[in-house]
Amino acid sequence: MLSLLSKHSSSLLIFAAIMGFLFPSASAELFPFLPYVLFCLMLFTLIGMHQGMLIKLLAKAEIWLYALFHSIVLSVISCTIAFLLDASNSLLLAISAVAATGSLFATPAIARSVGLEPLKAMAMTIASTLLMPAVLYINLLLFQDDSVTLDLSSYIQRLLIFIFGPMLFSALCYRFVPHQVLHRIHGKLSQFTILLVLAFPFGLIGSFRETFDQSVSSGVFYLLTGLAICALYFIAGYFCYRRLGINDGLLAAITSANRNTLLTFTVAGSYLGPDFLILMAAMQLPTYCLPMLVKSLSRRLKKAESFSTAESTVPEHSATKSEVN
């Protein structure tokens with residue numbers, strides 16, 4: 001049953017978001033438990049990764065250059081566009097918080113499901129998550145108004161629990177638990193990972209339904225805003241890394257567009273202003289449509305590349321043949 005769920009995970013993520021929208025009361029009941037689900041998902045994901053290879057990847061400059069692009073460059077681009085479009089202070093603050101947010105910890109699993117490199121996705125996710133606290137703090141200082149203040153001690157406490165906690169616990173497990181036992185345990189736990197991932201689109205979209213019920217125009221506005229943010233990050237990531245190859249371009253695209261907004265909400269909470277929770281909820285549907293988009297796009301791009309490569313080699317063979325004659 002769990003293997004069947006994993007096989008159809010891309011469709012189930014979209015289905016979970018739709019069901020959360022249709023049943024907002026059930027979504028609201030699940031929402032308070034999502035930080036604990038997030039903690040478990042981060043822990044299970046980290047335990048399942050080869051720690052030595054992951055550390056080697058994290059030591060590479062290219063991973064941290066991506067993290068700078070993910071957090072700082074995309075913050076500048078998206079906030080500049082929002083400012084030029086005369087976005088409200090609250091919405092600008094929310095967009096700046098989304099831009100600072102690290103990638104989803106489900107990104108490696110999503111990358112694996114679409115044929116991309118999961119270990120590199122994990123390194124990019126960790127790097128962007130580690131960079132997030134500093135960029136988020138700067139963004140909050142730049143864009144928050146007088147009604148929103150940041151409690152630094154509470155902020156640091158939440159960071160220690162929800163970011164460094166799973167990383168430390170994972171490192172201790174690898175230090176003191178035999179690797180064979182650890183991998184056997186993870187093999188069983190990983191079967192339940194898809195259930196944890198499905199909780200996010202279902203539990204996060206409820207507040208968007210409330211906004212939609214109050215005002216259809218406001219709901220459509222936030223949905224389009226969330227869609228525009230996801231599209232901007234996806235396109236920017238792809239075209240900045242396309243020169244390294246299709247797989248690298250798609251990996252950067254999906255890692256850039258997948259944003260762990262629940263983690264940002266968990267560590268910063270009410271400091272993010274009233275628009276962040278609505279925008280976070282509105283982004284769920286476009287975010288979880290990305291795996292299906294990447295699958296289709298990957299096939300098309302690779303087919304087009306192989307076709308163009310085949311075309312470019314034909315004249316060379318023809319020329320060689322004519323020279324021999």
Side-chain angles (χ1 to χ4, degrees), residues 31 34-35 38 42 67-105 107 125 127-159 161-163 200-201 203-205 207-208 211 218 221-234 236-237 255-287:
F31 180 77
L34 289 181
L38 174 66
M42 291 172 67
L68 291 172
F69 164 79
H70 180 104
S71 300
I72 297 176
V73 174
L74 292 180
S75 283
V76 172
I77 293 173
S78 54
C79 291
T80 300
I81 293 173
F83 179 78
L84 292 175
L85 293 176
D86 200 26
S88 66
N89 291 337
S90 179
L91 182 57
L92 188 57
L93 176 63
I95 292 173
S96 72
V98 170
T101 299
S103 186
L104 278 171
F105 263 73
T107 300
T125 297
S128 63
T129 302
L130 290 175
L131 197 61
M132 183 200 80
V135 179
L136 177 62
Y137 184 71
I138 293 171
N139 285 0
L140 290 177
L141 291 180
L142 288 174
F143 295 107
Q144 67 184 182
D145 54 31
D146 295 335
S147 63
V148 182
T149 56
L150 180 61
D151 183 348
L152 188 58
S153 62
S154 176
Y155 178 72
I156 293 174
Q157 184 182 33
R158 292 176 182 181
L159 286 176
I161 294 171
F162 287 99
I163 295 181
F200 295 115
L204 289 173
I205 204 168
S207 57
F208 172 64
T211 302
S218 294
F221 170 77
Y222 282 105
L223 179 61
L224 292 177
T225 303
L227 180 61
I229 291 172
C230 288
L232 172 65
Y233 294 168
F234 185 91
T255 309
S256 299
N258 281 340
R259 297 277 164 159
N260 197 353
T261 48
L262 177 64
L263 180 60
T264 303
F265 182 78
T266 302
V267 301
S270 58
Y271 315 132
L272 303 172
D275 279 1
F276 182 82
L277 185 59
I278 305 171
L279 183 60
M280 175 178 71
M283 288 178 65
Q284 295 310 301
L285 188 57
T287 294

Heavy-atom side-chain contact between T261 and F276 under 4.5 Å: yes
Any side-chain heavy-atom pair of F69 and L74 under 4.5 Å: yes
Heavy-atom side-chain proximity of L263 to T101 below 4.5 angstrom: no
Value rounded to 0.5 Å, distance of CD1 in I72 from CG in L131: 5.5 Å
Shortest non-hydrogen contact between V135 and A100, atoms and distance: CG1-CB, 3.7 Å
Inter-residue atom distance T80.OG1 - L92.CG, 0.5 Å rounding: 9.0 Å
side-chain contact (heavy atoms from CB on, under 4.5 Å) against S103, all qualifying residues, sequence neighbours excluded: H70, T107, T125, S128, T255, N258
Heavy-atom side-chain contact between L279 and D275 under 4.5 Å: no
Non-hydrogen atoms of T287 and M283 that approach each other most closely: OG1-O, 2.7 Å
Distance in Å, Y222 OH paired with S207 OG, rounded so as to fall on 0.5 Å steps: 10.5 Å
Reference residue I138; test side chain to side chain contact (heavy atoms under 4.5 Å, CB included); the match among L136, L142, L141, L140: L142
Gap between atom CZ of F208 and atom CG of L285 - 0.5 Å precision: 8.5 Å
Minimum heavy-atom distance C230-A257, with the two atoms named: O-CB, 3.7 Å
Side-chain heavy atoms of F265 within contact of L38, under 4.5 Å: no
Atom pair CG/CZ of L91 and F83 - distance to nearest 0.5 Å: 13.5 Å
Closest heavy-atom pair and its distance - L204, F31: CD2-CE1, 3.6 Å
Residue pair Y233, V98: steps toward the side-chain contact (heavy atoms from CB on, under 4.5 Å) verdict: CA-CA 11 Å; Y233 294 168; V98 170; 4.2 Å; yes
L223 CG to S218 OG distance, which is reported to the nearest 0.5 Å: 12.5 Å
Heavy-atom check, side chain of T264 versus side chain of L272, under 4.5 Å: yes
Heavy-atom check, side chain of M132 versus side chain of N260, under 4.5 Å: no
